[in-house]
Every structure is written in structure tokens, then in C-alpha cells.
Amino acid sequence: MKIKNSTLEKIAVLKEQYPDNNLPEIAFAGRSNVGKSSLINSLINRKNLARTSQKPGKTRTINFYNVNEVFRLVDLPGYGYAAVSKSHRDDWGEIIDRYLHSRENLKEVFLLVDIRHEPNENDLMMYNWIIEMGFSGYVIATKLDKVGKSRLQQYIKVIANKLGIRDRKKIIYYSSETKENRKYIYNVFSEILGVEIEE
């Protein structure tokens with residue numbers, strides 16, 4: 001299956017605003033400005049379906065993207081942006097928590113981290129939750145195009161050590177600019193969904 005049709009199906013805050021749970025969903029979690037929207041655009045071959053911003057904290061809702069009427073990609077609010085009020089941060093945490101705990105058709109949660117920076121305590125907390133909930137523990141290290149290939153393994157080692165990841169195949173380095181490793185992500189999606197996805 002090639003990804004040909006994708007739409008922003010729903011924008012939600014409350015559970016009753018979610019779309020029907022008739023399609024499997026893959027969610028992306030990560031701190032503000034880590035590149036979730038850019039990743040989604042590059043995976044579904046759209047430039048601006050998922051809105052990107054240079055200003056952290058732009059996504060304050062759960063955005064559901066319907067792909068080929070076969071599955072959904074779910075963009076969760078970015079966490080940990082210090083420039084917003086504590087009440088706003090608490091609201092975002094509640095929005096994320098409600099979705100992750102109640103969504104029966106959620107098949108996998110990917111944690112996104114910026115490859116250039118050591119994961120912080122919020123990242124570690126989210127990763128541990130993902131593991132505790134029985135998900136696979138995939139991490140997508142974004143912004144690959146910002147680092148030199150000669151130091152790639154150093155960056156991967158830092159991420160693995162901070163999050164306690166033994167199987168480094170679970171860390172997928174990725175560039176939304178060059179789409180490097182997109183095929184690998186498609187292969188992972190194919191395993192999760194039981195539907196072959198092609199470039």
C-alpha cells in the first residue's frame with residue numbers, strides 16, 4: 001500500500017471529540033518543537049497538512065490524521081515547554097494522559113527526541129510510561145540533517161544510555177528534510193498494522 005490520501009480528520013481535546021475507534025492508531029509523543037508535525041508531513045507526503053511552527057508549544061490539541069482510510073497517525077501535544085504557564089502545562093499533560101489511557105485502538109506510541117540533545121527528565125518519564133503500558137519502546141531521533149554522520153553513533157549512545165535502551169535498533173534516526181530512514185519507519189508501521197506500506 002502506498003500512502004496516497006491523508007486528511008486531518010479530527011482535532012480533539014476531550015474524549016468525546018475523538019474520532020470513532022474503527023481504525024488502528026499510531027501516536028507520536030515528544031517535547032515541544034521536537035519535530036512531530038514535520039515527521040508526520042514527511043511520512044504522508046504532504047508539505048503542510050500537519051502545521052509546523054518555529055514557536056514551541058504550537059500543538060495544544062490531539063490531531064488525528066487519517067491515512068488511506070486504513071489507519072491514523074496521532075500528533076499529541078508537545079510537553080515540557082517552560083515559557084507557558086504551569087496550568088497550561090498541566091492541561092496538556094491531562095490531555096495526553098487521557099488519550100493514552102483510554103484509547104483501545106492505539107497500537108503503538110513512538111517517542112520523538114531531538115538527536116542533538118540528551119533526552120531530559122520529561123522524555124525519560126514518557127519513555128518509561130510507554131514501556132510500562134506494554135508498547136515496544138521505539139524512539140525516533142529527529143533532525144538527523146543537523147548533525148554530522150561521523151558523530152551519529154555518539155548521539156545514539158547518549159539517547160540509549162539516558163533512556164536505558166538496550167536494543168539500539170529501537171532508536172530510528174530520521175530527517176524530515178531528506179526523508180532518510182523513512183522506508184525503515186514504514187517497515188515498522190507495516191509490522192504494527194499488518195499492512196504493507198511502500199514508499
Side-chain angles (χ1 to χ4, degrees), residues 1-12 15-30 34-47 49-50 59 61-77 95-113 115 123 126-142 144 156 159-160 163-176 178-199:
M1 177 189 80
K2 288 192 175 183
I3 295 176
K4 295 181 178 179
N5 301 304
S6 51
T7 59
L8 175 55
E9 184 176 358
K10 283 273 188 175
I11 296 174
K15 187 177 177 180
E16 52 266 30
Q17 297 170 328
Y18 300 168
D20 291 340
N21 61 359
N22 58 330
L23 296 178
E25 292 173 357
I26 294 172
F28 299 111
V34 75
K36 294 189 301 297
S37 298
S38 295
L39 170 69
I40 289 171
N41 283 329
S42 70
L43 291 176
I44 60 180
N45 297 311
R46 296 285 293 272
K47 286 190 176 180
L49 184 60
T59 304
T61 55
I62 302 176
N63 297 339
F64 294 83
Y65 297 93
N66 187 312
V67 182
N68 284 14
E69 297 290 337
V70 173
F71 66 98
R72 295 187 188 98
L73 298 180
V74 182
D75 187 4
L76 299 173
I95 291 167
I96 295 169
D97 191 66
R98 184 187 301 120
Y99 169 79
L100 294 176
H101 276 95
S102 67
R103 200 62 169 160
E104 294 176 0
N105 54 323
L106 176 60
K107 299 301 182 184
E108 191 60 80
V109 182
F110 286 76
L111 177 66
L112 271 65
V113 298
I115 196 168
D123 296 320
M126 176 59 74
Y127 182 77
N128 287 337
W129 183 92
I130 289 170
I131 295 298
E132 287 167 11
M133 289 294 290
F135 295 109
S136 301
Y138 284 106
V139 173
I140 297 178
T142 62
L144 174 63
I156 298 299
I159 293 168
L163 299 180
I165 300 173
R166 292 182 180 178
D167 182 2
R168 293 194 185 176
K169 291 180 182 176
K170 293 283 179 70
I171 303 174
I172 307 169
Y173 46 89
Y174 188 74
S175 167
S176 296
T178 66
K179 297 181 174 58
E180 183 169 349
N181 266 344
R182 184 169 71 169
K183 185 175 182 180
Y184 185 74
I185 293 177
Y186 282 170
N187 289 341
V188 174
F189 283 5
S190 297
E191 289 181 17
I192 294 166
L193 299 167
V195 177
E196 187 174 352
I197 302 172
E198 303 171 356
E199 278 200 288

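In this chain, residues are counted from 1 in sequence order. In this text, all values refer to a predicted model and were calculated from it rather than measured experimentally.
Smallest separation of non-hydrogen atoms from I165 and D167: CG2-O, 3.3 Å. Of all heavy-atom pairs spanning K36 and G30, the tightest one is NZ-O, 3.4 Å. The minimum heavy-atom distance between K107 and P24, with the atom names listed, is CG-CB, 3.6 Å. The two residues Q17 and K10 make their nearest non-hydrogen contact at O-CD, 3.5 Å. Considering every non-hydrogen atom in both N68 and K2, the closest pair reads ND2-O, 2.7 Å. Annotation for L193 and I197: closest pair CD1-CD1, 4.1 Å, computed over non-hydrogen atoms.
Under the 4.5 Å side-chain criterion, counting only non-hydrogen atoms from C-beta, L39 is not in contact with F110. F135 has its side chain within reach of L106: a pair of non-hydrogen atoms, C-beta onward, lies under 4.5 Å apart. Here the side chains of R182 and L43 are in contact, with some heavy-atom distance below 4.5 Å. Within the 4.5 Å cutoff, side-chain heavy atoms of V139 are placed close to those of V113. Taking the side chain as every heavy atom from C-beta outward, L49 and I40 never approach each other to under 4.5 Å. Within the 4.5 Å cutoff, no side-chain heavy atoms of Y174 are placed close to those of L112. For the pair W129 and H101, the minimum side-chain heavy-atom distance is below 4.5 Å. Two residues are said to be in side-chain contact when any heavy atoms from C-beta on lie closer than 4.5 Å; P77 and I62 meet this criterion.
Residues passing the side chain to side chain contact (heavy atoms under 4.5 Å, CB included) test with E69, sequence neighbours excluded: N66.
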| request: Go through the steps to decide whether V67 and L73 satisfy the test side chain to side chain contact (heavy atoms under 4.5 Å, CB included), and finish with yes or no. | output: CA-CA 7 Å; V67 182; L73 298 180; 4.2 Å; yes
| field | Residue pair R72, N21: steps toward the side chain to side chain donor-acceptor pair (under 3.5 Å) verdict | value | CA-CA 10 Å; R72 295 187 188 98; N21 61 359; over 6 Å; no
| I3 and Y186: CA distance, side-chain angles, deciding distance, side chain to side chain contact (heavy atoms under 4.5 Å, CB included) verdict | CA-CA 10 Å; I3 295 176; Y186 282 170; 3.9 Å; yes
| D75 and S37: CA distance, side-chain angles, deciding distance, side chain to side chain donor-acceptor pair (under 3.5 Å) verdict | CA-CA 7 Å; D75 187 4; S37 298; 3.2 Å; yes
| request: List the steps and the verdict of side chain to side chain donor-acceptor pair (under 3.5 Å) for N63 and T61. | output: CA-CA 6 Å; N63 297 339; T61 55; 2.9 Å; yes
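Under 3.5 Å, the side chains of Y18 and E25 contain no donor-acceptor pair of N or O atoms.
Here the straight-line distance linking atom CZ of R103 with atom CG of L100 works out to 11.5 Å at 0.5 Å rounding. With rounding to the nearest 0.5 angstrom, the CZ atom of R46 is 9.0 Å from the CG atom of N5. Note that the CG atom of N128 and the CG atom of D123 stand 11.0 Å from one another [nearest 0.5 Å]. Separating the CD atom in E132 from the OH atom in Y127 is a distance of 11.5 Å, to the nearest 0.5 Å. Rounding to the nearest 0.5 angstrom, the gap separating the NZ atom in K179 from the CG atom in N41 is 9.0 Å. Between the CD1 atom in I172 and the CG atom in L144 there is a gap of 12.5 Å [rounded to 0.5 Å].
Among V34, V109, I140, the single residue meeting the side-chain contact (heavy atoms from CB on, under 4.5 Å) criterion with F28 is I140.
Taking the six-membered ring where tryptophan is involved, the planes of F189 and F71 are perpendicular, since the angle between them exceeds 60° and thus also 30°.
At most 12 non-hydrogen atoms from other residues, nucleotides or ligands lie less than 6.0 angstrom from NZ of K15.
A donor-acceptor pair under 3.5 Å is formed between the side chain of K170 and the backbone N or O of S136.
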